[in-house]
Amino acid sequence: MKTYKEFLENKGEAKWQKYWEKKKLFKTPEEVTKTNKYYILPQLPYPSGSGLHVGHAEVYSACDIYARYQRMKGKKVLQAIGWDSFGLPAENYAIKNNVHPKISTDKAIDNFREQIKSLGISVDWDKEVGAHNSDYYKWTQWFFLLFYKRGLVYRKKQAVNWCKSCKTVLANDQVTSEGYCERCDTQIIQKDMEQWYIKVTEYADRLLEGLDKIDWPEETKKRQRDWIGRSEGASVEFKILNSEFKIEVFTTRPDTLFGATYIVLAPEGQYVQDLKDRIQNWDEVKKYIEATSKKTELARQIDKEKIGVELKGVKAINPANNEEIPIYIADFVLASYGTGAVFADAHDERDFEFAKKYNIPLLVTIKPDDENEWKKVQNLEVCYEGDGVHFNSGFLDGLRINEAKTKIIKWLEEKNIGKGKVQYKLRDWSVSRQRFWGAPIPMLQNEEGEMKPVPEEDLPILLPEDVDFKPTGESPLNYSKEFQERAEKKYGKGWKYEPDTLDTFMCSSWYFFRYLDPKNDSAFASPEALKKWMPVDFYLGGPEHVNGHLLYSRFFTKVLFDAGYIDFDEPFKVHRHQGLILGPDNRKMSKRWGNTINPTDVVNQYGADTMRMYEMFIGPLEDDKPWNENGVKGVRRFLDKVWKLQEKVGDEKKEDERIEKLTHKVIKKASEDLETLGFNTAIAEMMKIVNEMNKEESLQLATYSLLLRLLTPFAPHMAEELWSILGHKDSICIQSWPEYDENLVKDDELTIVVQINGKLRGDMTVSADISEDDAKKQALEIENVVKWLEGKEPKKVIYVKGKLVSIVV
RNA sequence: GCUCGGGUGGUGGAAUGGUAGACACGAGGGACUUAAAAUCCCUUGGUAGCAAUACUGUGCGGGUUCGAGUCCCGCCCCGAGCACCA
């Protein structure tokens with residue numbers, strides 16, 4: 001007999017990988033129905049130059065095990081892999097090493113593909129796509145035009161997140177909460193720039209509602225809800241004294257309008273500029289504005305102390321009571337949310353704090369129900385934000401918050417000085433990047449600044465070849481002679497292509513559609529393919545994509561739905577996250593700590609099957625878990641045992657009821673675990689049965705075959721090899737998933753434990769069909785139980801069927 | 001600050017309100033070996049005991065229950081997300 005070690009050393013795993021490829025075993029089935037199709041999606045990888053890491057291996061192993069399991073259950077599976085191949089790292093690498101990003105990217109992809117194949121991942125490679133290929137980015141550009149046609153694209157000059165090191169604009173979700181660049185850790189500054197924006201905010205409500213109908217982790221849905229940040233309130237107009245000028249504010253508490261004693265404007269907002277001529281202390285105000293613009297986001301976040309400046313000589317009028325109130329600027333008001341202006345009152349912590357600091361009068365308008373609280377509120381000792389009864393509030397007096405809100409909104413609308421309004425935290429998506437390695441934005445501009453979209457039939461706008469991509473802060477495409485001459489030739493003198501490229505999230509927001517029909521030249525995917533395969537049945541990806549990729553993909557899908565291309569509007573029916581695999585030192589793997597593990601090294605040393613299984617065995621898929629070299633050896637030991645069991649498979653039909661029953665129990669448990677992605681416990685079950693089989697002198701062929709089929713999704717190479725050693729000519733991957741026999745899962749005898757006052761005092765082995773009365777009677781006869789009862793009569797005896805007898809004394 | 005997760009042996013982790021610690025690693029002991037590796041067998045939450053067994057034990061303090069790692073209330077700690085959103 002060949003040993004498992006010899007099998008691995010003789011490239012046995014590669015042999016089976018080639019076999020699968022040659023037999024096209026994992027080619028996507030053509031004939032599928034709505035009920036038997038199963039679309040499994042591992043998240044799109046960025047093909048970095050440093051190759052596959054253990055996190056990739058985790059995603060692919062998990063999806064692959066699930067895919068192979070579903071196939072054996074009779075599902076028609078589509079599983080594909082592609083490349084998120086545009087983006088900054090490739091470009092930065094290109095700059096540093098003077099290689100064209102296309103060359104380094106293609107090389108990285110070849111490497112990734114080989115590494116993934118060496119893990120034995122069962123994907124249909126005919127479906128492979130790469131975002132940097134023109135037959136792909138043609139359709140990325142097409143999506144931009146689709147949004148443009150539907151009025152979802154606009155151009156705006158706005159303060160944007162600027163990374164000095166990457167020399168480009170970043171979207172909000174590409175900036176860390178501390179204000180650093182997600183890619184290079186440089187501190188982000190704010191810079192005014194003209195950018196293309198996509199109106200995701202128009203879909204804010206739909207993006208919220210859609211969350212209710214998809215099976216995603218609750219936390220993930222919550223994070224998206226928070227990111228969208230819907231709040232209901234009202235907009236209110238404040239007149240400026242002795243002027244036609246008006247300031248519009250947004251508030252979620254219009255009911256406190258009578259208590260509005262001052263107004264605060266965002267320092268970088270438009271209102272201050274508009275009032276410039278009337279402001280008597282402009283020098284002071286200007287200084288404050290400048291100081292604010294220099295402050296980084298980080299400083300503004302950390303510096304919680306509220307400071308501001310009063311605009312002298314300007315007063316606003318509270319429309320509710322016609323009181324004249326002062327106007328301030330302060331950086332706790334953000335220009336980018338609402339109207340960049342707020343009214344301030346006694347029932348908001350920030351307003352309260354600010355007023356105390358600058359001795360601005362406050363007017364309490366809500367009386368809490370609690371008398372003690374009320375005293376403190378009345379004396380302005382604390383700020384009260386809760387519900388209560390209004391007073392000092394004219395026609396709102398006596399009402400509680402909700403009624404007061406409704407009433408004042410009605411009043412504002414009648415007087416035409418305000419209205420009910422919904423505000424979102426979600427911002428529109430800035431998609432312009434001043435970089436080379438991305439899809440060119442399909443827009444044209446002439447010398448007068450006139451803009452028009454590239455006609456759809458002219459797509460793709462190819463990236464030029466003659467580009468010096470050294471970053472200057474300006475778009476490299478500006479420097480391509482060929483690129484701009486191409487536009488002039490086609491669209492007449494003076495017309496130029498937009499020199500910016502698209503954010504790579506534009507590329508990754510629709511790749512799951514392209515897998516369905518990757519070579520289609522007349523559509524991003526055919527209607528038939530879309531109908532057949534979408535939506536995705538199972539999507540596995542990292543939690544870092546919640547407010548970026550996942551939100552944008554949902555947005556793309558909703559626009560396609562509205563445009564009539566598809567008949568569903570949520571792309572991912574079931575979504576789960578994988579956890580991080582940490583270094584052996586429990587820290588995040590990083591070159592800096594020298595704690596990285598290269599999956600290919602592990603495959604070479606222990607085999608792909610060990611690698612796949614180990615990553616699934618260390619803990620629940622969604623948890624972060626540390627790598628442990630000894631754990632890898634443990635899994636390898638397990639596979640060695642499975643291999644050696646073949647020696648015990650005998651010809652003679654020896655009755656082996658114990659093992660058979662245990663095997664069926666394992667089938668039951670492992671099947672249940674696989675349904676819920678409980679790979680770690682499913683593997684534990686298999687280890688258990690293998691340990692039991694090992695204790696036997698001989699093993700029935702049928703039972704061993706059951707074990708091999710159970711093992712197939714996890715360790716497909718070994719399963720194939722052993723299957724063929726048993727004499728089979730076909731692949732074990734196309735065998736059906738074993739069904740357990742209900743009769744074999746049932747026990748004839750059970751152990752029932754006996755408790756006295758909740759403490760374990762003994763157990764008994766009884767027949768499975770024992771009656772309640774018999775169980776109780778027998779329990780009371782157990783020696784140790786008799787001892788503990790000390791002759792006392794039990795008060796109560798509880799019987800839990802097949803589990804325990806609980807005696808109360 | 002707010003919002004989620006989570007806290008179980010030496011370690012990673014198992015446990016529909018019903019035998020806490022499955023499975024694995026590590027450790028200790030033994031077998032094989034000239035020796036080591038590999039492999040196999042035994043032990044392994046803590047305390048006491050030769051043992052049967054007893055006590056104790058799932059971050060802390062209460063509660064509900066015949067019975068709580070699991071449910072409820074109040075804390076402590078760790079991790080993540082959001083962060084002046086009016």
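Values reported hereafter were calculated over all heavy atoms of this structure, with side chains retained and with hydrogens, waters and symmetry mates removed. Residue numbers begin at 1 in each chain, while the letters A, B, ... track the order of the sequences. All of these numbers come straight from a predicted model, not from anything done at the bench.
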SB check [X] [Y] (cutoff 4.0 Å):
X	Y	result
A/E672	A/K669	no
A/E385	A/R253	no
A/K795	A/E793	no
A/K356	A/E353	no
A/K625	A/E58	yes

How is [X] classified with respect to the nucleic acid when contacts are heavy atoms under 4.0 Å: base, sugar-phosphate, or nothing?
X	result
A/D623	nothing
A/K801	nothing
A/G229	nothing
A/D640	nothing
A/K425	base
A/F638	nothing

Nearest to the side chain of [X] - [options]?
X	options	answer
A/K688	B/A22, B/C66, B/A24	B/A22
A/I798	B/C4, B/A83, B/C66	B/C66
A/K759	B/A86, B/C55, B/C82	B/C55
A/P620	B/G18, B/G13, B/U3	B/G13
A/T251	B/A86, B/A83, B/C23	B/A86
A/N630	B/A86, B/A24, B/G26	B/G26
A/Q755	B/G18, B/A14, B/G13	B/G18
A/R761	B/C82, B/A54, B/A22	B/A54
A/V753	B/C23, B/U19, B/A86	B/U19
A/K644	B/C84, B/A86, B/U39	B/U39

- Item | Ring-ring centroid check A/F679 A/F617, cutoff 6.0 Å | no

- Query: Is the centre of the A/F505 ring less than 6.0 Å from the centre of the A/W429 ring?
  - Reply: no

For [N] and [M], measure between their [atom1] atoms and round to the nearest Å.
N	M	atom1	answer
B/U16	B/U65	P	24 Å
B/C23	B/G9	C1'	14 Å
B/G13	B/G6	C1'	14 Å
B/G79	B/G45	P	30 Å
B/C77	B/A15	C1'	24 Å

Can you tell me the distance, in whole Å, between the CZ atom of A/R636 and the P atom of B/A24?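 So the two atoms are 17 Å apart, to the nearest Å.
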
RNA chain B nearest-nucleotide lookup for A/F343 and A/N628: closer to the 5′ end is A/N628

Between A/S806 and A/Y424, the residue closer to the 5' end of RNA chain B by nearest nucleotide is A/S806

Please check the phosphate of [N] (OP1 and OP2 only) for any side-chain N or O of [X] closer than 4.0 Å.
X	N	answer
A/W788	B/A54	yes
A/N680	B/C23	no
A/R637	B/C25	yes
A/N757	B/C66	no
A/S231	B/A86	yes

* Between the base of B/C66 and the side chain of A/K795, is there a donor-acceptor distance below 3.5 Å? ->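 No such pair is found, so the answer is no.
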
| message | Please determine whether any donor N or O and acceptor N or O are separated by less than 3.5 Å between the side chain of A/K803 and the base of B/U16. | response |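 Such a pair exists between side chain and base.
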
So which nucleotide does [N] pair with, by the Watson-Crick or G-U wobble rule with both distances under 3.5 Å?
N	answer
B/G74	B/C60
B/U53	B/A48
B/U39	B/A31
B/G81	B/C2

request  = Assess whether atom NZ of A/K777 is packed by more than 12 heavy atoms of other residues, nucleotides or ligands within 6.0 Å.
outcome  = no

